[in-house]
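Quick note on labels: first sequence line is chain A, next is B, and so on, each numbered from 1. Just so it is clear, the model here is predicted, and its values are computed rather than measured.
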Protein chains: 2
Amino acid sequence: MNATRQTPDRPDLNVCVCANLRRATRMVTQAYDAALKPAGLRATQFTMLSVLAGRGRMRQSDYAEFLGMDGTTLTRNLQPLLKKQWIRIDRDDDKRVRLISITRPGQRVLDKAVPLWRTVQSQFVKGLGTEQWAGLLGALATTLDIARAD
Amino acid sequence: MNATRQTPDRPDLNVCVCANLRRATRMVTQAYDAALKPAGLRATQFTMLSVLAGRGRMRQSDYAEFLGMDGTTLTRNLQPLLKKQWIRIDRDDDKRVRLISITRPGQRVLDKAVPLWRTVQSQFVKGLGTEQWAGLLGALATTLDIARAD
DNA sequence: TCATGAAAGATGTATATGCAATTAAATTTG
DNA sequence: CAAATTTAATTGCATATACATCTTTCATGA
């Protein structure tokens, strides 16, 4: 009985949490990117716009924290959205702070993307089944907690 | 009773399979990168070397397939490893094919990285617990199957 | 008040990712 | 056998990711 051996002598794609996450993320992102393509945005951009649509104007730092994204990554990820004028950046009274919000064109492209998202999303949810799906979200939340506790 | 509602009206970071995967992967990769830093390699590079160490010389296309990585991504990801001479690329009789293998220096840096990997890996395995850990790997395998079936 | 330190973002550099299109080599087919 | 097709890998372009470092602005305390 050695079915749940946890740290084998050999590091192995089959057990490495990071390698498994990265591989799955690559493939899943390809699927979401392809599905969202007719709307003209990528998976990351869809997520970023959804957050703004759901939560309203946010401080850039809170936005990064919520996305679990490094601040410098967020700075750069804002650029494609800005160029397409899907978001706007306002200054706060505190001149260091930037406030990010979705624009009307941003909301329109998001609305156009939602049905496409729903299709690809339900493909994965159905394929996983309720149990594995809930398990996945739970496990991902746990890994987030572990990483954030570092 | 609506605890397992699967496709809400609003796309939401809290349910999007892709967004959750990407966010968790960002944070987990940061942890693995930091842990492996003393050995001088990144999480992706560690994975790529591990695969070569475990499976021996591989055709580049098989290598990409195994990693669930687009061929063009693999082409570029080989470059940092080549520059550091951790891998070598040989030609096949079929002149289109490239055969990738790990070098002695590559094996040495990998050996140095393994204990570091073991530490960070066990941190996540312990934090998840046996059940969630197995569930995570299972669910990731399922998402891979779904994405590959496209 | 002003020096000091902390907080918020941006920049330099490097890696990671993949689609569209291309090049080169092998295979199939007329 | 020659043309057409398929296969393997690379290149052009764009996005995604983050560490180290820098600039700007604010808060704080002697």
Is any side-chain nitrogen or oxygen of [X] closer than 4.0 Å to OP1 or OP2 of [N]?
X	N	answer
K37(B)	dA20(D)	yes
Q60(B)	dA8(D)	no
R59(B)	dA8(D)	yes
R42(B)	dT17(D)	no
T73(A)	dA18(D)	yes
R26(B)	dT17(D)	yes

Measure from [atom1] on [X] to [atom2] on [N] and round the result to the nearest Å.
X	N	atom1	atom2	result
D70(A)	dT17(D)	CG	P	10 Å
D90(B)	dA8(D)	CG	C1'	16 Å
L67(A)	dA16(D)	CG	P	12 Å
D93(A)	dT25(D)	CG	C1'	13 Å
N77(B)	dA9(D)	CG	P	15 Å
Y32(B)	dT17(D)	OH	C1'	18 Å
L49(A)	dT15(D)	CG	C1'	14 Å
L41(A)	dT15(D)	CG	P	12 Å

> So where does chain B start and stop touching DNA chain C, 5' to 3', when the test is distance under 4.0 Å to a non-hydrogen atom?
Replying inline: dT15(C) to dA26(C)
> Under 4.0 Å between a Lys/Arg side-chain N and an Asp/Glu carboxylate O for D90(B) and R57(B)?
Replying inline: yes
> So which one's nearest nucleotide on DNA chain D is more toward 5', K84(A) or D94(A)?
Replying inline: K84(A)
> Which sits closer to the 5' end of DNA chain D, M27(B) or L78(B), going by the nucleotide each is nearest to?
Replying inline: L78(B)
Under 4.0 Å, counting only non-hydrogen atoms across every strand here, what does [X] touch: a base, just sugar-phosphate, or nothing?
X	value
D92(B)	nothing
Q79(B)	nothing
R76(B)	base
T44(B)	sugar-phosphate

> Under 3.5 Å, side chain of Q121(A) to main-chain N/O of L116(A), donor-acceptor pair present?
Replying inline: no
>> Quick one: does any side-chain atom of S122(A) pair with a main-chain N or O of T119(A) as donor and acceptor, under 3.5 Å?
In response: yes
>> Please find the pair of heavy atoms, one from T25(B) and one from R22(A), that lie closest to each other, and give the distance.
In response: CG2-CG, 3.7 Å
> So which pairs with a foot in residues 134-148 of chain A pass salt bridge (Lys or Arg N to Asp or Glu O under 4.0 Å), sequence neighbours left out?
Replying inline: E65(A)-R148(A)
>> I need the full list of salt bridge (Lys or Arg N to Asp or Glu O under 4.0 Å) pairs touching residues 72-87 of chain B, with sequence neighbours left out, sorted by first then second residue.
In response: none
> Which of these nucleotides, dC26(D), dC13(D), dA8(D), is closest to any side-chain atom of S61(B)?
Replying inline: dA8(D)
> Is there a donor-acceptor contact under 3.5 Å linking the side chains of T103(B) and Q85(B)?
Replying inline: no
>> Closest-nucleotide mapping onto DNA chain C: is T25(A) or L99(A) further toward the 5' terminus? I mean the 5' end.
In response: L99(A)
>> Could you walk me through whether D92(B) and R98(B) satisfy the side chain to side chain contact (heavy atoms under 4.5 Å, CB included) test, starting with their C-alpha distance in whole Å, then the side-chain angles of each, then the deciding distance to 0.1 Å, before giving a yes or no?
In response: CA-CA 6 Å; D92(B) 191 78; R98(B) 270 120 180 110; over 6 Å; no
